[in-house]
2 protein chains.
Amino acid sequence: MAYTSMSVSERQLLPPAVAVSTVAFALHPPAHARLGESGVEAAYAAAAAVGFAGAASDAGAAAEVPAETSARARDTLWLPLVRRTRAPFAGDWALPGGPIPFNETLADTAVRTLRAAVLRDPRYLEQLYSFGAVERSAQAQRLVTIAYWALYGEQDLAGDALTGAAEQNIDEQNIDEQGAAEQDDPNVAWFSADRLPPLAFDHAEIVAHALDRLRSKTEYSTVAYRFLGDTFTLAQLREVHEAVRGEAVDPANFRRQALAQGHLVDTGEQTSGAKHRPARLYQFREQTTQQTRNLT
Amino acid sequence: MAYTSMSVSERQLLPPAVAVSTVAFALHPPAHARLGESGVEAAYAAAAAVGFAGAASDAGAAAEVPAETSARARDTLWLPLVRRTRAPFAGDWALPGGPIPFNETLADTAVRTLRAAVLRDPRYLEQLYSFGAVERSAQAQRLVTIAYWALYGEQDLAGDALTGAAEQNIDEQNIDEQGAAEQDDPNVAWFSADRLPPLAFDHAEIVAHALDRLRSKTEYSTVAYRFLGDTFTLAQLREVHEAVRGEAVDPANFRRQALAQGHLVDTGEQTSGAKHRPARLYQFREQTTQQTRNLT
DNA sequence: GCAATAGTGTCTTTAAGACATTATGCC
DNA sequence: GGCATAATGTCTTAAAGACACTATTGC
């Protein structure tokens, strides 16, 4: 900011700078989004470490995501990263974020910086943890980072990107141009959570922390529904849980447990066109007796 | 700090100040500690709200705690508060804490400020949440508070208080003097978690948050053992859970579940002197397969 | 009919909760 | 012996997991 003329010792006497960083998850990257590459060998190693078999099918590819997302891309989580242009860690990928202005809440800063990187508003936002180690950014002013994690739903990423602050309704003809503009920023890309590049600061630790939180929160809360649209099949909901948990889930038992929660409403409609028995479409209904937990 | 000559608008342009506040729980206050009073009527109301029957037996009393803690004092949690001497909220009770120096980690600051108030080191410390609302302290420089929660065990509070930084071994003759000195600070007192006075800032919210975290964490982690000494009976361990959960627990079922965790080692020794069958003394043993959770 | 997935039913195992029963030290 | 609590045993119920089986569409 304005402390460029200060010496290191002068900066150390200042109060620490406070910044927000956000780990934003989605089932798959938005259409026309730039996909990050992290190297094939690193990809295979990471996939093996997480326990995915053959998950590195398109590792290293920088191509566009097909409009109709394949089933293969479903069983992993994606998150947006921003390439740093300044020291420290210049050139490395980092979580979206930035310093908090004096008149913005922490959550507001998280949403604003996320919107600037992803051009879309997240569907869910929750504070994760605060990191304030003394040696976080050596030689510079001390930095305290408050980490958030966020979640994008299918409907958030399927459509057009935001241009202005309040721009939301763009007609079909402009989508390709928006997509092109979105893709033109080389410093923002989406990565599979299984194949992340080396991250700046301790952002790798933050991502791991966010993944833990997402996994445990999926077990007892209703966050998983936010990955999906208004209506969905039980198979889609199960695929979300499989992507988050990283393992296959028995369809029969999952159905029984999902329906027992009481959050699902049968819309009476069905899917069609698939080459098998059609599936019922459900809606998510918030339950009246909502209990929250507080664990870590 | 050094910004006393600045105007309000000048302070708003500064990076926010970062402070740490800690909620420290104990089964009962230390010997010779000053006990806070919060008014009898408020005490009865609070006890009823939490669901304790007849828990307000010594509400409003400012007497010393008896050396042999009564069973009655066991079924509630206690926490230390510090009275503010400066604006804002001058005269109100607040959580121990303070700003973070440039060369101290967040956890170090929490421990140091806690030691300054309680004169003892906590047995457990965990980050809770960060509060950074814009209007937290109006008219002043913006304040971001990183809340921690801590836990004192019986052996931490039973003995003598610390005087210097590394002072730990004080012989018996000095205990009374230490206790008197400890009691002489009128701006530090211990309160029952059920009968708290009005707190400064949003510290009441932070305490509620910490209680939630403590309750859920006792369900699946091993924090509860830290309230107790090296050896303890299953009845003592059950009383900890009852104090945290605020309700009675079936002794038979609790025994079965506690032993099934595999954390308890039978020392072969027994209690004696009570007017009933003696109880076995157990030790806590850290398990090799230690799993952590990450929920909120 | 066949392939593929949607959806249902059943069995086993585990764990929690309620509660009866026995054990033991102190008076 | 009587009291109070420690410690054990038993029964019921709920829920998870494994897995067989039926249903329905497109080809």
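All chains are named by letter (A, B, ...) in the order of the sequence lines, taking the proteins before the strands, and each is independently numbered beginning at 1.
In this structure, CD of B:Glu219 is placed 13 Å from C1' of C:dA16, rounded to the nearest angstrom. One interatomic measurement links the two molecules: CD of A:Gln261 to P of D:dA14, which rounds to 16 Å at whole-angstrom precision. For the pair A:Asp266 CG and C:dA6 P, the interatomic distance rounds to 15 Å; values are reported in whole Å. Between the CG atom of B:Leu281 and the P atom of C:dG25 there is a distance of 14 Å, rounded to whole Å. Atom CZ in A:Phe254 sits about 16 Å away from atom C1' in D:dA15, given to the nearest Å.
One axis for each end of the helix from C:dG1-D:dC27 to C:dC27-D:dG1, each built from five base pairs, and the angle between them comes to 10° at 10° resolution.
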Using atom names, set out every protein N or O paired with an N or O of nucleotides 8-13 of chain D below 3.5 Å, distance rounded to 0.1 Å.
none

Sort me out a list of protein N/O and nucleotides 24-27 of chain D N/O pairs below 3.5 Å, or just none if empty.
unit_1: D:dT24; atom_1: O2; unit_2: A:Arg277; atom_2: N; d: 3.3

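Results of the side chain to side chain contact (heavy atoms under 4.5 Å, CB included) test with B:Leu211 over B:Leu77, B:Val23, B:Leu79 single out B:Leu77 as the only residue that passes. For the pairing with A:Tyr124, the ring-ring contact (aromatic ring centres under 6.0 Å, His included) check across A:Trp149, A:Phe227, A:Tyr152 returns one residue only, A:Trp149.
Among residues two or more places apart in sequence or in another chain, the ring-ring contact (aromatic ring centres under 6.0 Å, His included) test is passed with B:Tyr129 by B:Phe131, B:His209. Among residues two or more places apart in sequence or in another chain, the side-chain hydrogen bond (donor to acceptor under 3.5 Å, both in side chains) test is passed with A:Arg255 by none. Among residues two or more places apart in sequence or in another chain, the side-chain contact (heavy atoms from CB on, under 4.5 Å) test is passed with B:Thr267 by B:Thr231, B:Glu269, B:Leu281, B:Gln283.
At least one donor-acceptor pair under 3.5 Å links the side chain of B:Ser192 to the backbone N or O of B:Asp194.
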Could you go through the side-chain contact (heavy atoms from CB on, under 4.5 Å) check for A:His241 and A:Thr218 one step at a time?
CA-CA 7 Å; A:His241 283 254; A:Thr218 308; 3.5 Å; yes
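Aromatic ring orientation, A:Phe284 versus A:Tyr225: parallel (interplanar angle below 30°, classes split at 30° and 60°).
Here CG of B:Leu125 is found 10.0 Å from CG of B:Leu151. Values are rounded to the nearest 0.5 Å. Annotation: the span from A:Arg195 atom CZ to A:Leu35 atom CG amounts to 9.5 Å, rounded to 0.5 Å.
For A:Arg120 and A:Asp156, the salt-bridge test fails: no basic side-chain N is under 4.0 Å from an acidic carboxylate O.
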